[in-house]
Amino acid sequence: MFRRKDSVPIEKRTPGIRTRVLLLTSLVLIIAGTTASSLYIIRSRLRQQVRSTLEMDLSHSVETFQDLEAGRLAALGRENALMADEPKLKALMTTNDPRTIADDAVGFWETSGNDLFALADGDHRIQAANAKGEANPDALKRDLQAVIADPSKHYLLSDGRLFEYSVQPLYFGSKASGTLLGYVISGFAIDSSFLREVGRGAGAEAAFFAGDSVTVSTLPEDRLASIRAKTRVIQQNGGSAIVMIGRERYLTVSRDLTGGADTNLRLVVMKSFDAADRAEKEINWLIFWVSLLVMAAGSLLMLLLAGMVTRPLELLATGVRAFGEGDRQHSLPSGGTQEVRYLSQVFAQMRGEIEKTNRALLESERLATIGRMASSVSHDLRHYLAAVYANAEFLASPALPASERAELYEEIRLAVNGTTDMLDSLLIFSRTGAALQRVPTSIYSLVERAIALVKTHPDADRVRLVLEESNLDTTAAVDTKQVERAIYNLVLNACQSARESAGLREVKVALSVDSESVSVTIQDSGPGVAEGIRESLFDPFVSQGKQKGTGLGLTLAWSVAREHNGDVKLISNRAGETVFRLTVARAMTPSIRNGSPSRTTVFTP
């Protein structure tokens with residue numbers, strides 16, 4: 001009960017993440033991660049599906065071109081066969097006159113209605129060549145002459161125009177036994193209208209490339225300009241590729257036609273991703289807004305659930321913290337989840353057990369303190385009473401001289417004064433913690449009075465007491481009786497220590513001040529504090545090494561200093577220089593009752 005432990009400050013709450021914030025953050029991260037994953041998966045699957053669909057459509061367009069090409073070549077072959085059976089044409093070719101053949105070929109060309117019509121002699125020399133919209137007949141003859149001898153060729157690229165043609169031999173008589181008179185050549189122009197038929201079913205665009213140049217295309221002029229400027233291949237996959245034409249992505253499927261032409265000729269069928277990209281963006285935005293809605297609804301729901309879960313936990317944590325700070329009546333949560341209720345019940349039981357154990361410990365300590373006090377007081381009272389009894393018995397002798405009577409009387413007076421001092425110490429110690437009678441007082445004057453009282457004590461005999469002069473303002477609001485007694489005990493304790501010195505026996509007292517406190521420093525020339533009591537120096541009834549005394553001197557001084565918002569510290573502890581310092585606050589502030597301030601002991605080697 002009376003034992004004073006060094007106080008341990010309650011730890012501040014460790015900073016960390018609140019449970020509801022953690023739950024809400026986890027939910028947001030889960031929804032965001034799910035949304036991002038969904039968008040990525042949907043985008044990948046959608047692009048894969050779109051590409052697969054477009055590839056299929058473009059492959060159908062290529063097949064459409066092959067079917068149209070085959071059909072038109074077959075039609076050209078039949079027309080040429082009919083034309084080759086014409087007697088007038090055979091008669092014309094027998095003239096072997098290029099001018100006559102060229103002039104009369106116009107009529108046959110008009111009759112055929114084809115885009116391209118030409119006649120060649122048996123040595124594959126072009127005698128006549130006509131084409132719709134042809135501005136340079138000589139160039140047409142030259143280009144046709146370059147490919148006519150190769151029966152595998154059926155594409156003609158002339159003056160930027162592309163033709164597909166068919167060649168039919170012209171015989172005088174039967175093919176088996178007749179004479180070869182020449183060749184009938186007819187063809188059709190591959191133009192944008194033809195390409196539109198190719199891509200009409202798939203809604204695709206088509207273009208013929210001769211090398212890197214576009215020969216004919218269904219693309220608008222701005223796209224053609226972009227192709228001529230720069231076309232960038234993004235992804236190649238077999239016969240298909242994704243290319244950037246301007247700022248638009250296209251899927252392309254190509255067919256190499258080089259085998260039927262004298263140049264690098266390719267048919268490219270393409271379809272824009274623009275519609276698919278718009279659909280993808282719409283789906284992405286739809287998923288995004290749905291995710292935001294789900295996130296908002298989920299966050300609201302999580303806040304409600306978190307409130308139901310974490311609020312009781314926070315109340316429980318507050319109750320634990322309040323119990324650690326000494327508030328044993330703080331209410332604990334009765335609601336919440338099953339686990340929280342169980343924790344509250346367990347903590348309530350634990351709190352009750354701790355309070356019960358503390359009461360038992362306090363009662364045990366109180367009884368032990370009373371026992372130590374009774375043992376100490378009874379020993380000292382027995383010593384003083386024995387002196388009073390024995391000396392009183394001697395005084396009763398009628399034959400005792402007056403000088404001896406005076407000496408016996410002085411011993412009785414000292415014993416009575418010692419008993420009175422002991423009882424005063426016990427009374428002041430028992431009243432520590434009660435209301436103080438504080439008045440503004442000069443601490444210097446209290447030190448002078450305490451030293452004057454110590455000088456009358458037998459333990460101060462042959463000890464030099466030195467009070468350092470001071471003009472400082474040592475005024476403080478204190479209980480004069482208690483503070484004077486505390487200073488008296490410290491000085492007397494220093495005198496008792498100094499008497500054990502083999503050399504100089506001296507006690508020095510000095511005062512120091514600051515804006516908030518006044519300090520009294522007592523230095524003695526004794527051997528220092530014994531090793532065995534350094535840790536329990538300020539505990540009650542500790543008087544190791546003393547022949548008499550209750551062991552309340554330092555305890556009383558420490559208690560009085562604490563009541564005045566101050567402290568008593570052992571500043572130095574070495575032979576010839578033991579220093580104690582008592583500090584009291586100037587202002588009349590309430591003393592700390594719940595949880596005493598830390599008591600620090602400093603040892604200077």
Side-chain angles (χ1 to χ4, degrees), residues 65-159 161-191 194 208 210 215 256-263 265 267:
F65 167 76
Q66 292 174 336
D67 293 340
L68 289 174
E69 179 188 46
R72 296 186 71 167
L73 281 177
L76 287 175
R78 289 192 297 270
E79 290 179 4
N80 287 346
L82 292 174
M83 191 73 68
D85 287 337
E86 282 290 328
K88 291 182 179 181
L89 182 58
K90 290 181 179 180
L92 177 64
M93 295 304 295
T94 58
T95 63
N96 292 321
D97 181 18
R99 183 178 295 276
T100 302
I101 294 174
D103 291 339
D104 292 346
V106 175
F108 290 100
W109 170 46
E110 294 174 350
T111 302
S112 69
N114 292 325
D115 297 326
L116 173 67
F117 183 82
L119 295 174
D121 61 15
D123 295 328
H124 295 95
R125 292 191 299 270
I126 300 298
Q127 301 296 319
N130 298 282
K132 289 182 179 180
E134 182 60 47
N136 190 351
D138 294 335
L140 178 62
K141 287 183 178 182
R142 184 176 59 254
D143 295 334
L144 188 58
Q145 184 68 60
V147 297
I148 189 62
D150 188 349
S152 64
K153 307 297 184 185
H154 55 90
Y155 289 106
L156 172 64
L157 182 63
S158 176
D159 197 21
R161 301 178 67 192
L162 183 63
F163 298 91
E164 189 170 11
Y165 64 89
S166 174
V167 179
Q168 178 68 34
L170 179 66
Y171 292 95
F172 182 77
S174 65
K175 180 178 180 180
S177 58
T179 303
L180 179 64
L181 298 177
Y183 296 90
V184 179
I185 305 163
S186 61
F188 61 90
I190 298 179
D191 53 14
F194 174 73
F208 275 90
T215 302
D256 190 2
L257 304 176
T258 305
D262 62 342
T263 186
L265 185 63
L267 169 65

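Nothing here was measured: the structure is a model prediction, and the numbers come from that model.
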Rounded to the nearest 0.5 Å, what separation is found between the [atom1] atom of [X] and the [atom2] atom of [Y]?
X	Y	atom1	atom2	result
K132	R161	NZ	CZ	10.0 Å
T215	I190	OG1	CD1	9.5 Å
L162	F188	CG	CZ	9.0 Å

Check [X] against [Y] and note the closest heavy-atom contact, atom names and distance.
X	Y	result
L119	I101	CD1-CG2, 3.9 Å
Q168	A84	CG-CB, 4.0 Å
T263	T258	O-CG2, 3.4 Å
A102	A128	CA-CB, 3.7 Å
L92	A105	CD2-N, 4.3 Å
I185	I126	CD1-CD1, 4.0 Å

Within the 6.0 Å centroid threshold, strictly below: F208 and F65 = yes
Check whether any side-chain N or O of Y165 sits under 3.5 Å from a backbone N or O of L76 as a donor-acceptor pair, and report yes or no.
-> no
Side-chain (N80) to main-chain (S166) donor-acceptor, under 3.5 angstrom = yes
Using side-chain hydrogen bond (donor to acceptor under 3.5 Å, both in side chains) as the criterion, list what pairs up with D103, not counting sequence neighbours.
-> none
Can you run down the side chain to side chain donor-acceptor pair (under 3.5 Å) pairs that involve residues 111-125, sequence neighbours left out, and say none if there aren't any?
-> E79-N114, D121-R125, D121-Q127, D123-R125, H124-Y183
Pairwise side chain to side chain donor-acceptor pair (under 3.5 Å) hits with a residue in residues 88-100, at least two apart | D97-T100
